[in-house]
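Here is the structure we will look at.
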Amino acid sequence: MKKVFKLAIWGCAAIIAPVMISCSGDDEPDGKPADKYATTTIGFENVPAYLIGGPTTYGENLYFGAQDQITTGYVTQIYDDTYAQFSINYGSTFDSATPYGYTFYAGGLAVSNWHDMTDDSYMNQLSVYNTSSPSGGNFVVAFGNVDVENPSNSTLKDYEGCARVLITDAQGLKVSNPGEAKPIWTGDDKEAFFESVYINNTTYDYMVMKNGNNFASALNEENEGWFKVQFIAFDDNEENAECIGYTEAYLANFKKGQADGYIGIIDTWTKVNLSMLPECSVLVINFVGSDMGQYGLNTPGYCALDKFEISVEK
């Protein structure tokens, strides 16, 4: 079933009409024929309450040692024995007794229903800068980024610390040796096509891009600042898996006179076309931007996402 289009299409221009971001590519058609593919739209309105980040907009239950901590995250069926997993990453916990475990410090995807549009601090990291969501309820917040200049030359190991959507069997991918630096995974990889997703800025990164803070500069017309989310496909969950395709979309863009267009900072749920990506087992979500410092990207690496449309060959 696996169809790999090795490094087939990399460039992707954002087109706003007026708030729509889409990407052009010719490897896969926009949409799959219903007689050959089963397509599922994953919203998050039916996620159990214990898997939603809280009890505040910071999401204390996303971190190691918290009561009722969220670990392997939300797993939902796409088709037959194929599932999508939206997980907190396994990595450094900053706890000397147990230095490795599931923790949002290491990046990941947190289900949220927070809409605080006033608190501009990282303590409000789970709020979207909007009063609703496309699926009418919950959404997910992606956190984590790395500074990789060219995804086409990367491996999955290069994206440690980035959020990722895993295509798995029913049990999902789980670590069987918690506390160890080299995790042993149980569960099986599957494959699927990502068709589209809706994106929006979180309140925290929207406010930082608008006003700046002690760590990051505001993005504006004067500095022609920009901030993008990248979607990077891999064909399995092994650290040496090579990138097989990627696309990207602007969360903010103040560049002038360029084909990808001026949009300012988005505050509207915006559909991104992912149908040019090849069939994959892992979709990594990374962030890149113009405001770079000594330690890499200064703009906070966050994005809200909803309504993943995913297809599986029957």
Study note, to complete from the structure: Taking every heavy atom of A142 against every heavy atom of I285, the minimum-distance pair comes out as CB-CG2, 4.0 Å
Point to revise | Whether N177 side chain and E180 backbone form a donor-acceptor pair below 3.5 Å | key: no
Check your understanding: Are K228 and W226 in a cation-pi setup, meaning NZ or CZ lies under 6.0 angstrom from the ring centre and within 45 degrees of the ring axis?
Key -> yes
Study note, to complete from the structure: Here the gap from E248 atom CD to Q230 atom CD, rounded to the nearest 0.5 Å, amounts to 5.0 Å
**Study point:** Any donor-acceptor N/O pair, T270 side chain to T268 backbone, under 3.5 Å
**Key:** yes
Exercise for review: Apply side chain to side chain contact (heavy atoms under 4.5 Å, CB included) to the pair V288 and L297, showing each step before the final yes or no.
Suggested key: CA-CA 7 Å; V288 293; L297 182 67; 5.8 Å; no
Exercise for review: Indicate, with yes or no, if Y204 and I52 share a hydrophobic cluster defined by side-chain heavy-atom contacts under 4.5 Å among Ile, Leu, Val, Met, Phe, Trp and Tyr.
Suggested key: yes
**Study point:** Result of checking V146, D205, L251 against F287 for side chain to side chain contact (heavy atoms under 4.5 Å, CB included)
**Key:** L251
Check your understanding: F215, Y122: one ILVMFWY side-chain cluster at the under-4.5 Å cut-off?
Key -> no
Review point. Do T155 and N240 have side-chain N/O donor and acceptor atoms under 3.5 Å apart?
Key: no
Practice item. Drop me the distance from F254's CZ to N220's CG, to the nearest 0.5 angstrom. Key: 6.5 Å
Review point. Does one hydrophobic cluster hold both V75 and I78, with members joined at side-chain heavy-atom distances below 4.5 Å?
Key: no
Review point. Are the side chains of F193 and I310 in touch, meaning some heavy atoms are under 4.5 Å apart?
Key: no
Exercise for review: Determine yes or no for a side-chain-to-main-chain donor-acceptor pair under 3.5 angstrom, with N286 supplying the side chain and A163 the backbone.
Suggested key: no
Point to revise | Side chains of T82 and D80 in contact at under 4.5 Å (non-hydrogen atoms) | key: no
Check your understanding: Which pairs with one or both residues in residues 106-116 pass side-chain hydrogen bond (donor to acceptor under 3.5 Å, both in side chains), sequence neighbours excluded?
Key -> D116-T118
Exercise for review: Report the residue from N237, L109, L283 that forms a side chain to side chain contact (heavy atoms under 4.5 Å, CB included) with R164.
Suggested key: N237
Check your understanding: What is the distance from atom OG of S135 to atom CD of E45, rounded to the nearest 0.5 Å?
Key -> 4.5 Å
Check your understanding: At their closest point, which heavy atom of V128 faces which heavy atom of T203, and how far apart are they?
Key -> O-OG1, 3.3 Å
Check your understanding: Centroid-to-centroid, Y105 to F94, below 6.0 Å?
Key -> yes
Point to revise | Close side-chain approach of Y250 to K255, heavy-atom, < 4.5 Å | key: yes
Review point. Using a distance-only test with no angle check, is there a side-chain donor-acceptor pair under 3.5 angstrom linking N298 and D291?
Key: yes
Point to revise | Beyond-backbone contact of P278 with F194, side-chain heavy atoms, under 4.5 angstrom | key: no
**Study point:** Pairing of K190 and D169 as salt bridge, 4.0 angstrom limit
**Key:** no
Exercise for review: Would you confirm whether S133, through its side chain, and G137, through its main-chain N or O, come within 3.5 Å as a donor-acceptor pair?
Suggested key: yes
Check your understanding: So among Y198, F86, F139, which one has a ring pair (Phe, Tyr, Trp, His ring centres under 6.0 Å) with F44?
Key -> F86
**Study point:** Aromatic centroids of Y246 and F231 separated by under 6.0 Å
**Key:** no
Practice item. Tell me, with the steps shown, if S281 and D235 meet side-chain hydrogen bond (donor to acceptor under 3.5 Å, both in side chains). Key: CA-CA 5 Å; S281 295; D235 59 4; over 6 Å; no
Check your understanding: Going by an N to O cut-off under 4.0 Å, is there a salt bridge joining K32 and E313?
Key -> no
Check your understanding: If every non-hydrogen atom of I42 is compared with every non-hydrogen atom of A84, which pair is closest and at what distance?
Key -> CD1-CB, 3.8 Å
Review point. Do the ring planes of Y90 and Y100 sit parallel (below 30°), tilted (30 to 60°) or perpendicular (above 60°)?
Key: parallel
Check your understanding: Taking all atoms of both residues into account, what is the closest heavy-atom pair of M209 and T299, and its distance?
Key -> CG-CG2, 3.7 Å
Practice item. Please round to the nearest 0.5 Å and tell me the distance separating atom CG of L274 and atom CZ of F308. Key: 8.0 Å
Review point. Quick one: does Q85's side chain have a donor or acceptor within less than 3.5 Å of a partner on L173's backbone?
Key: yes
Check your understanding: Any side-chain heavy atom of T168 sitting closer than 4.5 Å to one from D188?
Key -> no
Point to revise | Pairwise distance SG(C162) to CD1(I232) - rounded to 0.5 angstrom | key: 6.5 Å
Check your understanding: Should W269 and N130 be marked as a side chain to side chain contact (heavy atoms under 4.5 Å, CB included) after you check the CA-CA gap, both sets of side-chain angles, and the distance that decides it?
Key -> CA-CA 8 Å; W269 285 101; N130 201 278; 3.9 Å; yes
Point to revise | Check against side chain to side chain contact (heavy atoms under 4.5 Å, CB included), V140 and Y74 | key: CA-CA 10 Å; V140 290; Y74 178 54; over 6 Å; no
Check your understanding: Is S290 close to L219 at the side-chain level, that is, under 4.5 Å between some pair of heavy atoms?
Key -> yes
Practice item. With the side chain counted from C-beta on, respond yes when Q69 and N61 share a heavy-atom pair under 4.5 Å apart, and no when they do not. Key: no
Exercise for review: Indicate whether the side chain of S87 and that of N89 have a donor and an acceptor atom separated by less than 3.5 Å.
Suggested key: no
Exercise for review: Examine I184 and V175 and state if one hydrophobic cluster contains both, with Ile, Leu, Val, Met, Phe, Trp and Tyr joined whenever side-chain heavy atoms are less than 4.5 Å apart.
Suggested key: no
Check your understanding: Are a donor atom and an acceptor atom from the side chains of E309 and S196 found within less than 3.5 Å of each other?
Key -> yes
Review point. Does one hydrophobic cluster hold both Y83 and F234, with members joined at side-chain heavy-atom distances below 4.5 Å?
Key: no
Review point. Which pair of heavy atoms, one from D147 and one from M292, lies closest together, and at what distance?
Key: OD1-CE, 3.6 Å
Study note, to complete from the structure: Closest heavy-atom pair, I266 versus N201, reported as atoms and distance to 0.1 Å, is O-ND2, 2.8 Å
Check your understanding: Any side-chain donor paired with an acceptor under 3.5 Å for T98 and D95?
Key -> no
**Study point:** 4.5 Å side-chain heavy-atom contact, Q125 and T202
**Key:** no
**Study point:** Rounded distance [0.5 Å steps], SG in C280 versus CD1 in I167
**Key:** 6.5 Å
